[in-house]
K.L.:
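What follows is a single structure, and I will ask about it in a moment.
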Amino acid sequence: MIVLLIVLCIADGVLSQIRYSVPEEADHGTLVGNIAEDLGLDLTKLASRRFQVVPSSRTPYLEVNLENGVLFVNEKIDREQICRQSASCQLNMEVFLENPLELFRVEIEVVDINDNPPSFPETDITVEISESATPGTRFPLESAFDPDVGSNALRTYDITTNNYFYLDVQTQTDGNKFAELVLEKPLDREQQAAHRYVLTAVDGGQPPRTGTALLVVKVLDSNDNVPVFDQPVYTVSLSENAPVGMLVIQLNATDLDEGLNGEIVYSFSNHISNRVKDLFSIDPRTGRIEVRAEVDFEESSLYQIFVQAKDMGPNAVPAHCKVLVKVSDLNDNAPEITFSTVTESVSEKAAPGTVIALLSVTDRDAEENGQIHVEILGDVPFKLKTSFRNYFTIVTDGPLNREQADSYSVTVVARDKGTPSLAASKSIRVQVSDENDNAPTFTQAIYDVYVTENNVPGAYIHAVTAQDPDVGQNALISYSILECDIQGMSVKTYVSINEETGYLYALRSFDYEQLKDFTFMVQAKDAGAPELSSNATVKVIIVDQNDNAPVVLAPLGKNGTAKEPLPRTAEPGYLVTRIVAMDADDGENARLSYSIHRGNENGMFRMDWRTGELRTARRVSVKRDPHQLYDLLIEVRDHGQPPLSSSASVLVVLVDSVAEGRGAGDRGGTAKAKDGTLDLTLILIIALGSVSFIFLLVMIVLAVRCQKDKKLNIYTCLTSECCLAAAPAAR
Ligand SMILES: *[C@@H]1O[C@H](CO)[C@@H](O)[C@H](O)[C@H]1NC(C)=O
Ligand SMILES: *[C@@H]1O[C@H](CO)[C@@H](O)[C@H](O)[C@H]1NC(C)=O
């Protein structure tokens, strides 16, 4: 404790001054000084002179014992409270004595002690420094405060020793100290985002007091890092036809920077193909690459996606990576069958191995999915032959027969080996073209044709038909008659045939009595090349008509009356004569029956109707047979429909002698009969001959005329009445 006594004597003696000093924070009762002693006052007279303190100058901090003049600390003095930062701090007090009045001024200086440490306004001080700040850059720090003054005031600052910063303590004009943080070494936020130091403020007291604060240096990011992909190339595999939206890859680039500087935006690189852009999408924020459209292995089995990642900071530099997408094959393509050449038709004559179609089979898938097995379906006479690679030919595999099957549907099935397997099929229709491998065949080998005689020339008599299973020209049949002679004449004068229809026509009126039957061959010929033909026999059988009356051959006599003798003595049953008749017809038409038509009124004769024998029925009697002769009319009748008859007149003459009558009668009868027969035969021959000749003549004329009329064939000619009518006119 320092007690300073200064006694100031004022000339008037009115005012004296005394000075003390007391340290702050002194306890109650601490002696500051004895005013009375120091002023040289008589202690015994203090009470009598009413020693007292001037009331207005009283201070609560100090008290004076009025009895002995001791000044002591009444209340703890805080210099900082009373005087704040003033360099000197003093309390004043006035005391006085009466009788005489003496006034004394007491000055008490409060001496500072280092009772306050320096302190920072905040215990945490944060300084933000960009990592791009260059060494030497200064960052002023908040000052600490020490209410003490003088040497007890803030003297300096200190900081934890570190590599990055040092402190530069400066004094302001008012004497205050402040520190600047000076960057010594570049910062890297990515290495260390915050630095923590203890900042210490030290005062000048003895011992010095300190105040600390936590200095946090926040390193502010600058965009000094590019994003980094963890791999330069990513390889992923993707099944083709993966659904849209499916994740291909989740890219993850990292940027050590923070905030926008570290916020990465993904995008496709500029040089990426448009196709890749169509197929894939990238999420700019997440780096997720997804399938955007259907990916087809057959289009490409590998896609390269170039991706760039760029942060959103200033002067961002993009980073790149490559994503290789390997597309794996699915069996999503069925084989395809393509016919390059198809023969429309194949000849039925074609040799086995004839190529009818060329086809190729492809499958766009790979490996097993694209391996194809090809076959022909069903039971057809065709087979597949491998040409080269995926080319096949369809060739005939066995003989063909258009008449059995005129076309085939050939179905080719191609099946790949994927699971599940896909198949495709295609059909072609192969026509089998006709070859003339079938001859026409007649419905019958032999045709028996019955034609009633006396037919109209030109009459239809029969039809022959042949069939040919081929088609077209190969089945176009023409009919003809093969040349041969019938009774010395060409068959073609007898019959004609319609080339197209096979209808047979008689060219002449047949006479059964002349020609009972004839045989010829007809031929059916197709129009193929070479043409094929076959023959059939036609037998024309002429059917008799009752067109001839019986002819009596015997007995014949002069003027058509035969004379026959009959002896008067003849017994009943005597054979008078025998009627011999002939009928050129046949059968019933020629079966004759004989009868007496007239002259046997008295029953003298009877006629055997079968044999024609004329016999007596009784004896000749004078009474019943008064006449010398019987004039008999004999009728000969055939059994045709209608029957024809002729008659003979026989004159039976009664004679006496048997010999006379018989001899003459028999001889003459026989001879005459012979003559008659000869004559009749001759007449018949001549008659028939001339009829034939005239007929032939008519035919020739007709033939000539028909040839002139070229359009008019013999068929129409003969069938049409007009032509027959025209024939005489032409002649
Ligand atoms: C990206 O990579 C970083 C570092 O390897 C990791 O911490 C983060 O989780 C990854 N993000 C994704 C989405 O994979
Ligand atoms: C048909 O007859 C003709 C003449 O006789 C003969 O040349 C030909 O070979 C015969 N055709 C057949 C198929 O028999």
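For reference, positions follow the sequence shown, starting with 1. Start at 1 and go down the list; that is how both ligands and their atoms are numbered.
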K.L.:
Applying ring-ring contact (aromatic ring centres under 6.0 Å, His included), can you list everything that pairs with Y594, at least two apart in sequence or on another chain?
P.N.:
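Counting only residues at least two positions away or on another chain, Y594 forms no ring-ring contact (aromatic ring centres under 6.0 Å, His included).
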K.L.:
Using the side-chain contact (heavy atoms from CB on, under 4.5 Å) criterion, which residues pair with S595? Sequence neighbours excluded.
P.N.:
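side-chain contact (heavy atoms from CB on, under 4.5 Å) list for S595, sorted by chain: E635.
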K.L.:
With rounding to the nearest 0.5 angstrom, report the OG1 to CE distance, T616 to M604.
P.N.:
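So the OG1 of T616 and the CE of M604 are separated by 5.0 Å.
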K.L.:
Hey, what polar pairs (N/O, under 3.5 Å) does ligand 2 make with protein?
P.N.:
residue  : atom   : partner : partner atom : Å
ligand 2 : 2 (O)  : N535    : ND2          : 2.3
ligand 2 : 11 (N) : N535    : ND2          : 2.7
ligand 2 : 14 (O) : N535    : ND2          : 3.4

K.L.:
Could you label the plane-to-plane angle of the F518 and Y494 rings as parallel, tilted or perpendicular, counting under 30° as parallel and over 60° as perpendicular?
P.N.:
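Tilted.
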K.L.:
Please collect all side chain to side chain donor-acceptor pair (under 3.5 Å) contacts where either partner lies in residues 386-405, sequence neighbours excluded, each pair once.
P.N.:
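Qualifying pairs: R402-D434, E403-N438.
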K.L.:
According to the interplanar angle, ranging from 0 to 90°, do the rings of F442 and Y479 count as parallel (below 30°), tilted (30 to 60°) or perpendicular (above 60°)?
P.N.:
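It falls in the tilted class, 30° to 60°.
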